[in-house]
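This report concerns only the one structure given below.
Along the sequence shown, the residues carry numbers beginning at 1.
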Amino acid sequence: MFFNNVFKGENEFWQYLITFLLIIIGYVLGQVPLMLVMIYAATNNGDIGMDALEKFATTMNFELIGMDVN
């Protein structure tokens with residue numbers, strides 16, 4: 001049944017292009033919450049410096065920026 005949908009003609013190039021662009025946009029927007037957490041940690045915790053943020057960016061250990069791993 002799924003393969004019969006191919007013959008309905010709804011498989012033009014622009015549909016693939018829009019789908020690809022939506023996936024890329026979703027991926028980029030998915031990085032926004034992580035950036036907000038990093039900005040929040042950098043501005044509200046006086047003991048976190050740029051070196052801790054750089055180490056966090058490479059290891060993704062949330063305990064470095066004062067967050068619980070859960």
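Taken from CD1 in I18 to CD1 in I25, the straight-line distance is 10.5 Å, to the nearest 0.5 Å. The structure places CG of L29 at 10.5 Å from CG of L22, a figure rounded to the nearest 0.5 Å.
Between the side chain of Q31 and the main chain of V28, no donor-acceptor pair closer than 3.5 Å is present.
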Practice problem: Might you work through the side chain to side chain contact (heavy atoms under 4.5 Å, CB included) test for M60 and L34, ending with a clear yes or no? | Solution: CA-CA 10 Å; M60 291 304 225; L34 180 60; 3.6 Å; yes
